Amino acid sequence: MSEHALSDLREPLVTEPRTMAGITDEVCAPMERRPSILWTLAFLVAVVALAIGVWAVQHTIRKGIGVWGLNKTVGWAFDITNFVFWVGIGHAGTLISAILFLFRQKWRTSVNRAAEAMTLFAVMCAGLFPIIHMGRPWLGFWMLPYPNTRGSLWVNFRSPLLWDVFAISTYFIVSAVFWYVGLLPDLATVRDRAKGLKRRIFGVLALGWNGSQKTWLRYETVYLLLAALATPLVLSVHTIVSMDFATSVLPGWHTPIFPPYFVAGAVFSGFAMVLTLMIITRKIMRWEHLITVRHLENMTKVIIVTGGIVGLAYGTEFFMAWYSGNMYEAFTFKNRAFGPYGWAYWIMVSCNVGVPQLFWIKKVRTSPWMILILALLINVGMWFERFVIIVTSLHRDFLPSSWAMYAPTLIELAILLGSFGLFFTLFLLFTRVLPMISIAEVKGVLGFAARKREAAAAAKAKAGGSSAPGGVGLPIAASKERS
Amino acid sequence: MSVVNVGHDAGHGHDGGHGHDAADLHAAPPPKASPVGLGAQPVLLVLTLLGLGGMGVSLLLWPQRAFSGLLAAAVTVLMVGLGGLVFALLMAVSNAGWATTLKRVPEALAAALPVGAIALLGVLPGAALLFGWVEHPHGRGAWLNLPFFAARMGGILLLWIGLAFILTRSSRAQDRDAALRHTRRTVALSALGLLLIGLSGSVAAFDWLMSLETHWYSTMYGLYSLSGVLVAGVSAITIGVVLLSRRGRLPGVGDNHIHDLGKLMFGFSTLWAYLWLSQWLLIWYANLPEETTYYLARTSGGWSFLFWLNLVLNWGLPFVLLMPRAAKRSPEHTLRVAILLLAARWLDVYLMVAPSGDAIHPGISLPELSALLAVGACFGLVVLRALGRAPLTPVHDPYLGESQHHPG
């Protein structure tokens, strides 16, 4: 791909002089040294949280769903909130790796690997909740349509909950394949550096990658095709999640804007989570030159856009509740904002509509600590969005005598904690066993970075007549130019 | 190091702050505007006049259909103009480089927005014939009353025209002074402009189209209409780019640009279908009487055929026709699909407008076609004039080099 004509206004994606070998060393380093104390502590905390969650799940399954705070009116609350929250988080990875790839957004190179891993872990967390809510998870296979001897027992193809099973499993499989295919060149790199058993394991995982021209050509073809296949999945999953609600006739759930609004919200929350993880990672690993402020800034811009769509949807729903003249719609929205769960609503609005507006300010967009704080707030806001949509639409239904309140029990909170435990356990393991940044792809953007630095140095030398610029990292650029 | 510098001296890159160095090398002649489509302009003028005549006749014979036809034509043309504006703003806000060499085309479409605006304002005198709430006040009269409706319409149209004016002015100013600040300002304008277009576009769809069905409502209507804007914009840009580059007027455009436009048509058409499906499926599924009226009117009588045809023309056919890579790279082929999509765009708008009246069967004849002819031809004429007002290659745009060396 020609980078010669790139505009002056483009900034390099690697901000320190690095050779190709240097990038390999840096990204492989965390896998090749002993875990740090910080990592060990974080891992312990995550495993303890996971253990608490496992205990709460077995308690739920042994005693029954009665240990949750559900009641006749609110028959569906915390578990589905957590399910939608985690599925939403799981949207950024494939958007970054597939859609940004199709749109030729080169800055995705140093964040796509970790974002995709995060996606897979988030989808795993999400998938647990419906299975737990079944109460008898060992019958979970009943969700799969296959010829069976259970009489007329067959799945209901008209139910969006079944569509969910298909959508999410498809999404998980395609995302996992896409992630794995993208890993191949790097797995081979790790193989070539490793010895003994590790070498054999990575040798099998790398599928005999030999780095030849032919291998690369096929790899790039497969990667492009998978990106095209994965792109509609970014939209389909949360579309169908939204239909779990929108196909009903419940005010607050049944509204046609739900599909695109849920997709935007999912990408919004997913990017907030990617930012959270990336800001911590780049700090601990000292990768500020690989995951640069510009990467963070671009992601905050995606947050502004998707947050804007979410805000537009909030506004549209409110306007339409009034415009329609439908008293039930109007009540639901009044109840959302000013009813007993009003506090949750205002947390949602301020975190999801208010907070992202701060990203219009360049200083905020370029300050990692500010971004981290705001991204965490957005994660909180998006969790509350699902809680608000689900619980406030249910708790005051058409029959005032059945109005009720819902509050999660400690067991439910423990399961949520457990899902975070699972997520971080998996993510922390990932940081130890696989290259967190796509080594091969980052190498692809090194040449431009080197030329850009060279040009800047030359301009400086010309202007100031100062000493010659340092030549670190230039061999790459020069050799590329010659070839 | 010297090897690297050779690359720079050859004009493939340039140092910061002197954005025009490379551009000078790429485009030898100084920027100069020259007329576009001199042969087509008189034809378009005649067609406009013919259309106006037809409109006059239909106004006397079928006033309701004359206004309904004018509304459909006006909204279609506004979608094209706004689509051009949105495309230009999207390219600016995302710092996209590939489309710079063809950016005069979306700018010209945006500059022709006033044609659609005048046509839309022309609907106001006949509002009582189209909008049931004019004579039978809606429960939400605070929103749906003629003065406020007209004020919102005027405000929204002014906003779009204003954004288009600032955009094209700054883009043309860069031709003269080669200053980088125009690019930076356009980025800021684009971020703000897209935000405002998202809001105003939603309100416009609710007002001009959705309120035709006085008691019907759908939260999706705004986004659904905005997806049509994206399709209209990219289709019209494709037509303009292919026709201009055929005549050698866009030297920077190659197969890779056509390919990208083809991909965007494919993608936006599919986005439209996604929103179409979401709205239809949820209303069909819930089956609430106050919501199904909209689809009932459009799937009964003679409307049903057009209703399904709309889905085929706006998505089914383009999806199949644009699927192969070679198809998206062929200027002739993408041109045909773009014309199909623009025609289908009118059909989609027509189906949002016409079934809201009393007609049991669709009628597409003099009132509808003459309005479309008059507004469409006049729009085309203004686009051609706008294209002639600025050099077709923006030689001082800092992204021009990228666009002309589009790597695919």
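Convention: sequence-line order gives letters A, B, ...; per-chain numbering from 1. Computed from a prediction, not measured in an experiment: that's the story for all the values here.
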### Query
Stepwise, does the side-chain hydrogen bond (donor to acceptor under 3.5 Å, both in side chains) test hold for B:Tyr274 with A:Thr239?
CA-CA 10 Å; B:Tyr274 163 67; A:Thr239 293; 2.5 Å; yes

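- Checked for salt-bridge contact, A:Glu441 and A:Lys106 miss the test: no charged N lies under 4.0 Å from a carboxylate O.
- Both the backbone and the side chain of B:Ser211 come within less than 4.5 Å of a heavy atom in chain A.
- Contacts between B:Ser94 and chain A at a heavy-atom distance below 4.5 Å are absent for every atom of the residue.
- Contact annotation for B:His215: neither backbone nor side-chain heavy atoms come within less than 4.5 Å of a heavy atom of chain A.
- Heavy-atom pairs under 4.5 Å with chain A peak, among B:Gly222, B:Gly198, B:Ala142, B:Ala191, at B:Ala191.
- In the model, B:Ser200 has no side-chain atom that pairs as donor or acceptor with a side-chain atom of B:Arg152 under 3.5 Å.
- Residues B:Glu402 and B:Thr100 have side chains that never bring a donor and an acceptor to within less than 3.5 angstrom of each other.
- Heavy atoms closer than 4.5 Å to chain A are found in the backbone of B:Ala96, but not in its side chain.
- Interface residue B:Ser218: backbone and side-chain heavy atoms are both found under 4.5 Å from chain A.
- In this structure, A:Arg108 CZ and A:Phe101 CZ are separated by 6.0 Å, a value rounded to the nearest 0.5 Å.
- Both the backbone and the side chain of A:Arg158 come within contact range of chain B, each with at least one heavy atom under 4.5 Å from a heavy atom of that chain.
- When A:Pro160, A:Ser242, A:Pro260 are compared by the number of non-hydrogen pairs under 4.5 Å with chain B, A:Pro260 comes out ahead.
- Heavy atoms of A:Trp360 lying under 4.5 Å from chain B belong exclusively to its side chain.
- Of the two parts of A:Ser248, only the backbone, made up of N, CA, C and O, holds a non-hydrogen atom closer than 4.5 Å to a non-hydrogen atom of chain B.
- Atom CZ of B:Phe148 sits in a crowded spot, with more than 12 heavy atoms from other residues, nucleotides or ligands closer than 6.0 Å.
- B:Asp348 and B:Trp276 share no side-chain donor-acceptor pair at under 3.5 Å.
- Using a 4.5 Å cut-off between heavy atoms, A:Tyr261 does not touch chain B at all.
- Centroid-to-centroid, the aromatic rings of B:His259 and B:Phe266 stay 6.0 Å apart or farther.
- Applying a 4.5 Å heavy-atom cutoff, the residues of residues 279-293 of chain B that approach chain A are B:Gln279, B:Leu281, B:Leu282, B:Ile283, B:Trp284, B:Tyr285, B:Ala286, B:Leu288, B:Glu290, B:Glu291.
- Using modelled atom types and a 3.5 Å distance limit, the side chains of A:Thr255 and B:Thr219 yield a donor-acceptor pair.
- For the set B:Asp260, B:Thr270, B:Leu195, the count of heavy-atom pairs under 4.5 angstrom toward chain A peaks at B:Asp260.
- Under the 6.0 Å cut-off for aromatic ring centres, B:Phe206 and B:Trp143 do not qualify, their centroids lying 6.0 Å or more apart.
- Within the 4.5 angstrom heavy-atom criterion, only side-chain atoms of A:Val263, from C-beta onward, approach chain B.
- Only the side chain of B:Leu275 comes within contact range of chain A, with heavy atoms under 4.5 Å apart.
- In this structure, the ring of A:Phe331 has its center no less than 6.0 angstrom from the ring center of A:Tyr328.
- Heavy atoms closer than 4.5 Å to chain B are found nowhere in A:Leu102, neither backbone nor side chain.
- Side chain of A:Arg336 to main chain of A:Gly252: a donor-acceptor pair is present (N/O by atom type, distance under 3.5 Å, no hydrogens or angles).
- Here the closest non-hydrogen pair linking B:Gln174 and B:Pro398 is NE2-CD, 3.7 Å.
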